[in-house]
Structure formats: structure tokens, C-alpha cells
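What follows is a short report on a single structure.
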Amino acid sequence: MREKVILICSECLSRNYTTTKNKTTQKERLELSKFCPKCNKHTIHKESK
């Protein structure tokens with residue numbers, strides 16, 4: 001079963017993106033390199049708690 005997760009910028013802590021992940025197969029948190037419009041550059045976005 002897939003669940004929605006929110007991705008947060010690691011530099012400015014703004015909540016920019018939402019995505020889904022399969023929690024049964026993927027236990028650890030997501031970390032993706034995405035563009036942050038507030039920082040105006042690519043940063044690491046982590047899954048929120």
C-alpha cells in the first residue's frame with residue numbers, strides 16, 4: 001500500500017513537494033535532490049516525520 005509523504009528542503013525547511021512511497025518495501029526515509037523555489041537552487045529534500 002502506497003502512502004503520501006511530504007518532502008522538506010534541508011536548508012530552508014520549506015515544504016515543497018509531495019510524493020508517494022511503498023512503506024512495506026521501503027522502511028527508511030526518502031532523500032531526493034530537488035529544486036527549491038525559495039532557495040532558488042537544487043538541494044536535498046528529506047521526508048518529513
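Position 1 is the first residue of the sequence; numbering continues from there.
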Donor-acceptor contacts, no H, no angles, side chain residues 26-37, under 3.5 Å, sequence neighbours left out:
none

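- Scored by the side-chain hydrogen bond (donor to acceptor under 3.5 Å, both in side chains) test, Lys23 finds Glu3 as partners (sequence neighbours excluded).
- The stretch residues 11-22 participates, sequence neighbours left out, in these side-chain hydrogen bond (donor to acceptor under 3.5 Å, both in side chains) pairs: Arg2-Thr20, Glu11-Lys41, Ser14-Asn16, Asn16-His45, Lys21-Glu47, Asn22-Thr24.
- Taking all atoms of both residues into account, the shortest heavy-atom contact from Thr43 to Cys9 is OG1-SG, 3.3 Å.
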